[in-house]
Amino acid sequence: MTSFTVSDHGLCHNLSETVESAVVTNQKNWKALSTDAAGLLFAVIWAARGAMAAHVSTMAMAIPIAVITLVLLAGFARRDLIQCRPERIWDAALLRRVKIMRIIAITVMITSVRSTHHPELLYPLLGCIIGLSYIPMGRAMHEPIHVIMGFVIVSVSALSFLLPEPLHLEVAGFGTALAIWVGAVIRLRNSGTLSFLPKNALPS
């Protein structure tokens with residue numbers, strides 16, 4: 001009796017490559033979601049700081065901030081994990097340099113503010129640094145919304161320097177948070193995640 005053996009090495013190899021590709025893609029999607037979540041957290045901190053400066057009650061601001069954040073986070077989770085359509089990174093090296101320079105700039109700024117005893121400048125300067133970092137980030141991702149959002153945040157932070165205390169913290173806080181929220185809505189709209197919002201509803 002003659003027996004035949006069929007080699008399945010090729011099948012196993014292809015299956016291994018498929019699984020590995022799926023794992024890498026899944027990691028990229030979760031990484032994209034964590035980046036989006038960090039941006040929303042940044043907006044929460046800014047909005048809370050603006051509310052504190054304006055002496056708004058915690059409960060009055062906590063509910064709308066939480067609702068806005070959770071809705072946008074759900075949108076990014078749907079886009080990144082379910083639809084698997086996170087924003088593509090075209091220049092990873094530039095994006096890494098931006099993140100490193102942002103950390104260095106923030107560290108130097110905090111040290112300088114503490115040494116000069118001007119804590120009121122912390123948030124406006126931080127807003128300028130974060131806003132400036134969005135501009136090359138937009139170039140690395142070929143996403144013009146990041147560039148526009150960066151210019152808006154820098155402009156709001158710069159304007160806040162001309163205002164008396166605590167008004168400058170109110171403008172810097174609410175203005176920065178609003179810029180990030182509007183930018184997030186436009187990015188989700190452009191990706192098709194907000195299917196209920198027509199593309200001509202917001203400016204590109």
Side-chain angles (χ1 to χ4, degrees), residues 32-80 86-87 98 102 105-106 109 119-139 141 143-204:
L33 179 59
S34 65
T35 300
D36 295 326
L40 294 178
L41 178 60
F42 179 72
V44 168
I45 295 173
W46 246 243
R49 191 64 188 90
M52 290 174 60
H55 300 290
V56 179
S57 66
T58 303
M59 187 58 63
M61 284 304 302
I63 294 177
I65 291 175
V67 170
I68 293 172
T69 301
L70 291 176
V71 169
L72 292 175
L73 183 60
F76 282 120
R78 180 189 176 195
R79 186 198 69 176
D80 298 339
E87 290 161 327
V98 169
R102 182 169 59 188
I106 290 175
M109 182 273 295
E120 73 280 0
L121 299 179
L122 176 63
Y123 282 90
L125 286 175
L126 188 56
C128 286
I129 293 173
I130 297 298
L132 287 172
S133 70
Y134 272 114
I135 297 174
M137 184 183 299
R139 292 180 55 194
M141 302 175 70
E143 178 52 77
I145 297 302
H146 284 296
V147 178
I148 296 173
M149 190 166 59
F151 277 116
V152 171
I153 293 175
V154 171
S155 299
V156 168
S157 300
L159 174 63
S160 68
F161 281 111
L162 305 178
L163 302 175
E165 189 180 355
L167 185 58
H168 76 288
L169 288 178
E170 297 176 30
V171 172
F174 289 127
T176 300
L178 185 61
I180 295 174
W181 288 335
V182 172
V185 171
I186 296 175
R187 289 164 55 206
L188 289 173
R189 185 284 310 261
N190 289 345
S191 67
T193 302
L194 299 180
S195 56
F196 60 88
L197 188 61
K199 285 197 171 185
N200 58 358
L202 291 171
S204 297

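- Between L169 and L163, every side-chain heavy-atom pair lies at or beyond the 4.5 Å cut-off.
- Of all non-hydrogen atoms in A172 and T176, the two that sit nearest each other are O-OG1, 2.7 Å.
- Annotation: the span from L40 atom CG to T69 atom OG1 amounts to 6.0 Å, rounded to 0.5 Å.
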Can I148 and Y134 be said to form a side chain to side chain contact (heavy atoms under 4.5 Å, CB included), step by step?
CA-CA 8 Å; I148 296 173; Y134 272 114; over 6 Å; no
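- Comment: E170 does not engage R49 in a salt bridge, judged by the lack of any side-chain N to carboxylate O separation of less than 4.0 angstrom.
- Considering every non-hydrogen atom in both I65 and A47, the closest pair reads CD1-CB, 3.6 Å.
- Here the shortest heavy-atom pairing between V152 and A179 reads CG1-CB, 3.8 Å.
- Side chains of V156 and F174 form no contact here, defined as non-hydrogen atoms less than 4.5 Å apart.
- Counting only heavy atoms from C-beta outward, the side chains of E87 and D80 never approach each other to under 4.5 Å.
- Using a 4.5 Å cut-off on side-chain heavy atoms (C-beta onward), I129 and M109 make contact.
- Residue-environment remark: CZ (R102) exceeds the threshold of 12 foreign heavy atoms within 6.0 Å.
- Counting non-hydrogen atoms of neighbouring residues, nucleotides and ligands closer than 6.0 angstrom, the CZ atom of F151 reaches no more than 12 such neighbours.
- In this structure, I130 and I106 have side chains that are in contact, with non-hydrogen atoms separated by less than 4.5 Å.
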Report the C-alpha separation of S34 and F76 in whole Å, then their side-chain angles, then the decisive distance to 0.1 Å, and conclude whether the side chain to side chain contact (heavy atoms under 4.5 Å, CB included) test is met.
CA-CA 10 Å; S34 65; F76 282 120; over 6 Å; no
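- At a threshold of 4.0 Å, the pair E143-R187 does not count as salt-bridged, since none of the basic side-chain nitrogens sits closer than that to a carboxylate oxygen.
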Might you work through the side chain to side chain contact (heavy atoms under 4.5 Å, CB included) test for W46 and I180, ending with a clear yes or no?
CA-CA 10 Å; W46 246 243; I180 295 174; over 6 Å; no
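- Here the closest non-hydrogen pair linking L72 and A184 is CD1-CB, 4.1 Å.
- Taking the side chain as every heavy atom from C-beta outward, M61 and M52 never approach each other to under 4.5 Å.
- Distance alone, capped at 3.5 Å, is enough to place a donor-acceptor pair between the S191 side chain and the L188 backbone.
- Contact between A43 and A177 at its shortest, heavy atoms only, is O-CB, 3.4 Å.
- Residue H168 comes nearest to S160 through the heavy atom pair CB-O, 2.6 Å, listed as atom of the first residue, atom of the second, then distance.
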